[in-house]
Protein chains: 2
Amino acid sequence: MARNPTMIDVATEAGVALKTVSRYVNGADNINDAMAARIAAAITKLGYRRNLAAASIRPGWTSKTVGLLISDLANPYYSSIARGAESVLTEAGYLLITASSEEDGATHDRLVDSLFERQVDAIIVVPPRSPGRSWSSVREPHPPVVFIDRPAALDGADTIVADNRGGAREAVELLRSTHGDVAFLGDSLSIYTMQERYLGYVDALRARGEQPDPTLANTGAHSEEQAYAAAIALLQTGRAGAIFAANNRATIGALRAFAHEDVRLPLIGFDDFEAATLVRPAVSVVSQDPQAMGRLAAEVVLQRLAREATTPARFEVLPTSLVLRGSELD
Amino acid sequence: MARNPTMIDVATEAGVALKTVSRYVNGADNINDAMAARIAAAITKLGYRRNLAAASIRPGWTSKTVGLLISDLANPYYSSIARGAESVLTEAGYLLITASSEEDGATHDRLVDSLFERQVDAIIVVPPRSPGRSWSSVREPHPPVVFIDRPAALDGADTIVADNRGGAREAVELLRSTHGDVAFLGDSLSIYTMQERYLGYVDALRARGEQPDPTLANTGAHSEEQAYAAAIALLQTGRAGAIFAANNRATIGALRAFAHEDVRLPLIGFDDFEAATLVRPAVSVVSQDPQAMGRLAAEVVLQRLAREATTPARFEVLPTSLVLRGSELD
DNA sequence: GTGAAAGCGCTAACAC
DNA sequence: GTGTTAGCGCTTTCAC
């Protein structure tokens, strides 16, 4: 296997000095036209490809690469975030290294180190559910970190989250104002987004001067199966007049329970999903825009990279939207 | 912003030679225990992080990075491929750079160059629908390339595809043997996978000694809307006894048409989707396993990287499975 | 406008 | 077992 041609080879071939080739490749304008043409020809002839890794070890130069650490790339929510970030970054000449932490702190920490070793210019991070080492223990200086989807336990960090609380509140307000008591069906409150959504649920009730009824809140729906069972139980008590399903699994579990029991309650779910428009009645949801979150995170990264690093941290809460399709009615 | 500590700093701090630190960092075993401890202490104290970019410019060393070029990371099919590849690669100490070509040849070519410049050790590629430069025009040597989802116009290349043809044939055979004429609803046959699925459809009919009826094949369903319209038209002619929907969009279009016309035909779709088990009757599909494809592609990459490069190319066709849920019946 | 020489952070000979 | 030296491919002073 022949060696890759280097700048020296190009310079020799073109009969110019190494530095002139470097200038040419970097788009400098002060180059003699004839030389430029000779260099261009040599590059094509040799099939020269620049070694960006070698360039990036020089002080002031960077890898033009950004890391993205999410829970699971196969999850459409996170892959949409990735896509959003990717589109903004490639536009700016950066490439995206993606990695999945599977919500595990140790895996997460290992991947962070791996990313840093590869000299990424910045990383965008979904803090894992089971936390690893604290961020403050990571030696400065390190590339800028932008948190997404959930805030990290770190002051003054750039953070992009969705308005989980506001979205939930809006949905529950609507359900409560037109129906009886609203049940909360979701996962553990130790999960940040779930807790926010629960707080929104409480907000909506409090705003009407009501207290949440603990027996109407089920936070044990860790799987679709558990959500289904919880929904069945809920239907059988007959105590709820409507259901707020705090994530996709809960929504689908509730739908299955409706089908099984052959009854249904007014329902709004959190997070949109493909099947929502296919079932009858179509499912109303609180919808967030993960791709926009990814794009914004990438923009914050670029801004950090451009500015001299000490602009104040941005904490952005992206609005959600209530998409009404019919399931919120009787 | 202070400079990052280098190996020299660690060596100075630990009072040993640079090379000893290098050995330690690379896990060499011939190091005095006391020195190892001093080095370890210095590393922690300084918060030293190794610069892999600098290491990788040495001959024989690599970036431990693989590129993945797909159509669109936000598409669950491709993000599953990415996840599969990622899981195998991180296991082996590699990181994955993902990029979306959006099916555009020029974008694709630009990203390939970008990846090569960053010295990726290999790339996994979904050839874009609108082709760019030919692969044979890319100067050798270059990192190994593994094609996935569709074959490239390049002889002797490692390739991983699903058994589109066989899966389609199996589905159509089942439909045809229990119902009347089977209609084909899909996208343009200029798309590789679509063509394969159509060939499978034809295979199934030919095997029974029948000729495909051109008026029963619709290959203009480029969008869900078009699939819907085509399905409506199909239902109104009353000529089809069953429908084979050759991708998700076609399947969903058909389902909407059923709902709108309040009739339904036996149906099998190609590719599984979230909503398939939620509608009634649940939708039967030919299912492929994109994550397994991604994993296999990554394994082929690792094998190429390990072997001396001249093992014969692998052309792997992954089986599909027919998942029967009820929609294939009357 | 162009070139020679130095050095980025690291690893591989090759001594000691 | 450990240190010294050279050099990977590139960019950057600083002369010319």
Side-chain angles (χ1 to χ4, degrees), chain A residues 1-39 42-43 46-65 116-121 141-143, chain B residues 1-40 42-43 46-65 116-121 141 143:
Chain A
M1 186 155 104
R3 191 178 52 80
N4 272 335
T6 74
M7 260 190 190
I8 300 186
D9 300 325
V10 175
T12 312
E13 174 73 27
V16 300
L18 171 58
K19 177 57 193 166
T20 313
V21 179
S22 173
R23 277 209 206 84
Y24 176 85
V25 167
N26 284 292
D29 46 354
N30 52 348
I31 296 178
N32 183 305
D33 279 359
M35 280 189 149
R38 289 220 308 282
I39 293 171
I43 286 179
L46 265 37
Y48 168 72
R49 273 189 302 263
R50 177 189 197 189
N51 183 337
L52 226 105
S56 75
I57 73 167
R58 311 298 335 284
W61 283 68
T62 71
S63 64
K64 284 286 190 175
T65 301
F116 281 171
E117 282 187 346
R118 279 168 183 79
Q119 309 301 113
V120 292
D121 296 341
H142 60 68
Chain B
M1 188 152 105
R3 190 178 52 79
N4 272 337
T6 75
M7 262 191 188
I8 300 187
D9 299 326
V10 174
T12 312
E13 174 73 26
V16 300
L18 171 58
K19 179 59 193 165
T20 312
V21 179
S22 173
R23 278 209 205 82
Y24 176 85
V25 166
N26 284 292
D29 46 355
N30 51 348
I31 296 178
N32 183 305
D33 279 359
M35 279 190 149
R38 288 222 307 282
I39 293 172
I43 286 179
L46 264 38
Y48 168 72
R49 273 189 301 264
R50 175 190 199 190
N51 183 338
L52 225 104
S56 75
I57 74 168
R58 312 291 345 277
W61 282 69
T62 71
S63 63
K64 284 286 190 175
T65 302
F116 281 172
E117 282 187 346
R118 279 169 184 78
Q119 310 300 113
V120 292
D121 296 342

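In what follows, chains are A, B, ... by sequence order, proteins preceding strands, each numbered from 1. Atoms considered below: every heavy atom in the structure, side chains included; atoms not considered: hydrogens, waters and symmetry mates. No experiment lies behind these values; they were computed from the predicted model shown.
Distances were taken from every side-chain heavy atom of B:N51 (C-beta onward) to each of D:dG9, C:dC10, C:dT11; the shortest belongs to C:dC10. The side chain of A:R58 sits closest to D:dC10 out of C:dC10, D:dC10, C:dT2. Distance from the side chain of B:R50 is smallest for C:dC10 among the nucleotides C:dT2, D:dT2, C:dC10.
Taking the side chain as every heavy atom from C-beta outward, B:Y24 and B:V10 never approach each other to under 4.5 Å. When side chains are defined from C-beta on, B:S63 does not count as touching B:L52, because their heavy atoms never get closer than 4.5 Å. The shortest distance between side-chain heavy atoms of B:M7 and B:S22 falls below 4.5 Å. No side-chain heavy atom of B:T6 sits under 4.5 Å from any side-chain heavy atom of B:N51. By the 4.5 Å heavy-atom criterion applied to side chains, A:N26 and A:R50 are counted as neighbours.
Put simply, A:T20 has a side-chain N or O that comes within less than 4.0 Å of OP1 or OP2 on C:dG3. Side-chain nitrogen and oxygen atoms of A:S22 include none within less than 4.0 Å of the OP1 or OP2 phosphate oxygen of D:dC10. Between B:R49 and C:dC10, a side-chain N or O to OP1/OP2 separation shorter than 4.0 Å is absent. Between D:dC10 and A:Y48, a contact under 4.0 Å exists linking OP1 or OP2 to a side-chain N or O.
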Given side-chain hydrogen bond (donor to acceptor under 3.5 Å, both in side chains), test B:R38 with B:N32 step by step and report yes or no. CA-CA 10 Å; B:R38 288 222 307 282; B:N32 183 305; over 6 Å; no
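One atom, CZ of A:F116, and another, P of C:dG9, lie 18 Å apart when rounded to the nearest Å. If you measure from atom CG of A:L46 to atom C1' of D:dG9, you get 15 Å, rounded to the nearest angstrom. In this structure, B:I39 atom CD1 and D:dG1 atom C1' are separated by 12 Å, rounded to whole Å. If you measure from atom CD of B:Q119 to atom C1' of D:dC8, you get 11 Å, rounded to the nearest angstrom. Put simply, CG on A:N26 is 16 Å from C1' on C:dT2, counting in whole angstrom units. One can place CD1 of B:I31 at 9 Å from C1' of D:dG1, the figure rounded to the nearest angstrom. One can place CG of A:N32 at 14 Å from C1' of C:dG3, the figure rounded to the nearest angstrom. The interatomic distance linking B:R23 (CZ) with D:dG1 (C1') rounds to 7 Å, in whole Å.
No donor-acceptor pair closer than 3.5 Å links the side chain of A:R49 to the backbone N or O of A:N4.
Scanning residues 6-19 of chain B for heavy-atom distances under 4.0 Å to DNA chain C yields B:T6, B:M7, B:L18, B:K19.
At a threshold of 4.0 angstrom between heavy atoms, the contacts of B:L52 with the nucleic acid are absent.
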